[in-house]
Amino acid sequence: MIKSYSIENLSPHLFWDVDKTTLDFEKSKNQIVYKVLEYGLISDWNIIKEIYGLETIKEISLELRTLDDVTLSYLSNLFKIDKSNFRCYKLKQSNQNFWSY
């Protein structure tokens, strides 16, 4: 049985910068998935996994412009996809930071 969720079920710190009443699980799915992947708790991960499924999360994560290294490694391993297939990885490689040398 799939539970009925609302944005309020996700951690409050995820959407401190937006009006949560404007968020919709379908219309805002890219934003929701990004925030949960980057800043969410395991309970948030479980909610989006149940709502969207792993295939949708995979499709969204492949196109995200930024992901931290730990999240990228986790998703790469989970989906059995090389990191180089993620947009964020390609962008990071092409935008080398002076301080990272």
Side-chain angles (χ1 to χ4, degrees):
M1 180 179 137
I2 295 179
K3 285 176 59 176
S4 177
Y5 292 104
S6 76
I7 294 299
E8 296 301 321
N9 293 115
L10 296 170
S11 298
H13 69 271
L14 294 176
F15 304 105
W16 63 271
D17 58 340
V18 296
D19 178 5
K20 286 199 277 188
T21 61
T22 64
L23 294 175
D24 175 86
F25 276 117
E26 191 54 39
K27 294 177 186 170
S28 309
K29 78 173 139 186
N30 289 357
Q31 181 181 14
I32 292 168
V33 168
Y34 170 73
K35 292 280 191 154
V36 169
L37 290 176
E38 284 285 278
Y39 311 109
L41 305 173
I42 193 70
S43 58
D44 301 317
W45 167 253
N46 289 331
I47 289 172
I48 67 163
K49 197 167 62 166
E50 190 170 334
I51 291 171
Y52 300 121
L54 288 176
E55 189 60 33
T56 299
I57 294 170
K58 178 174 94 174
E59 290 169 10
I60 293 170
S61 65
L62 284 167
E63 295 303 319
L64 292 174
R65 296 178 67 81
T66 61
L67 282 174
D68 67 79
D69 292 339
V70 173
T71 303
L72 177 59
S73 292
Y74 173 75
L75 294 172
S76 174
N77 187 31
L78 176 68
F79 298 131
K80 310 270 187 277
I81 297 173
D82 191 79
K83 290 180 189 178
S84 63
N85 291 318
F86 288 81
R87 181 179 185 193
C88 63
Y89 182 84
K90 293 173 192 169
L91 289 173
K92 186 182 276 192
Q93 297 305 308
S94 65
N95 294 323
Q96 285 294 322
N97 183 335
F98 172 77
W99 298 108
S100 66
Y101 288 108

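All of these numbers come straight from a predicted model, not from anything done at the bench.
Interatomic distance, Glu38 CD to Leu72 CG, rounded to the nearest 0.5 Å: 9.5 Å. Here CD1 of Ile7 is found 9.0 Å from OG1 of Thr22. Values are rounded to the nearest 0.5 Å.
At least one side-chain heavy atom of Glu50 sits less than 4.5 Å from a side-chain heavy atom of Tyr5. Arg65 is not listed as a side-chain neighbour of Cys88, based on a closest heavy-atom distance of 4.5 Å or more. Looking at heavy atoms from C-beta onward, Ile81 lies in side-chain contact with Lys58 at the 4.5 angstrom threshold.
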Quick one, Leu64 with Arg87, criterion side-chain contact (heavy atoms from CB on, under 4.5 Å). Give me CA distance, side-chain angles, the key distance, then yes/no. CA-CA 6 Å; Leu64 292 174; Arg87 181 179 185 193; over 6 Å; no
Starting from the C-alpha separation in whole Å, work towards a yes-or-no answer on side-chain contact (heavy atoms from CB on, under 4.5 Å) for Phe79 and Leu54. CA-CA 8 Å; Phe79 298 131; Leu54 288 176; 4.1 Å; yes
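Lys20 and Phe15 get closest at one heavy-atom pair: CG-CB, 3.7 Å. What you find for Leu10 and Ile47 is that their closest heavy atoms are CD2-CG2, 3.9 Å. Smallest separation of non-hydrogen atoms from Ser4 and Asn9: O-OD1, 4.3 Å. Residue Asp17 comes nearest to Leu14 through the heavy atom pair OD1-O, 4.2 Å, listed as atom of the first residue, atom of the second, then distance. Taking each heavy atom of Trp45 and Leu37 in turn, the nearest pair found is CZ3-CD2, 3.6 Å. Of all the heavy atoms in Ile57 and Val33, the pair that sits closest is CG2-CG1, 4.3 Å.
One hydrophobic cluster, built from ILVMFWY side chains closer than 4.5 Å, cannot hold both Leu75 and Val70; they sit in different ones. Under a hydrophobic-cluster definition in which Ile, Leu, Val, Met, Phe, Trp and Tyr are linked whenever side-chain heavy atoms come within less than 4.5 Å, directly or via other members, Leu41 and Trp16 are assigned to different clusters.
Under a 3.5 Å cut-off, the side chain of Ser73 and the backbone N or O of Asp69 do form a donor-acceptor pair. Formation of a donor-acceptor pair under 3.5 Å by the Ser6 side chain with backbone atoms of Glu8 is found in this model. When atom types are taken as modelled, the side chain of Asp44 and the backbone of Ser11 share a donor-acceptor pair closer than 3.5 angstrom. Judged purely by atom type and a 3.5 angstrom limit, His13 has no side-chain atom pairing as donor or acceptor with the backbone of Gly40.
Applying the salt bridge (charged side-chain N to carboxylate O under 4.0 Å, His left out) test to Asp68 and every residue at least two apart in sequence or in another chain returns nothing. Among residues two or more places apart in sequence or in another chain, the side chain to side chain donor-acceptor pair (under 3.5 Å) test is passed with Tyr52 by none. For Thr56, the side chain to side chain donor-acceptor pair (under 3.5 Å) test picks out no residue, with sequence neighbours left out.
Side-chain contact check for Tyr34 and Ser61: no donor-acceptor pair (N or O, by modelled atom type) lies under 3.5 Å.
Between Glu26 and Lys29 there is a salt bridge, since a side-chain N of the basic residue sits under 4.0 Å from a carboxylate O of the acidic one.
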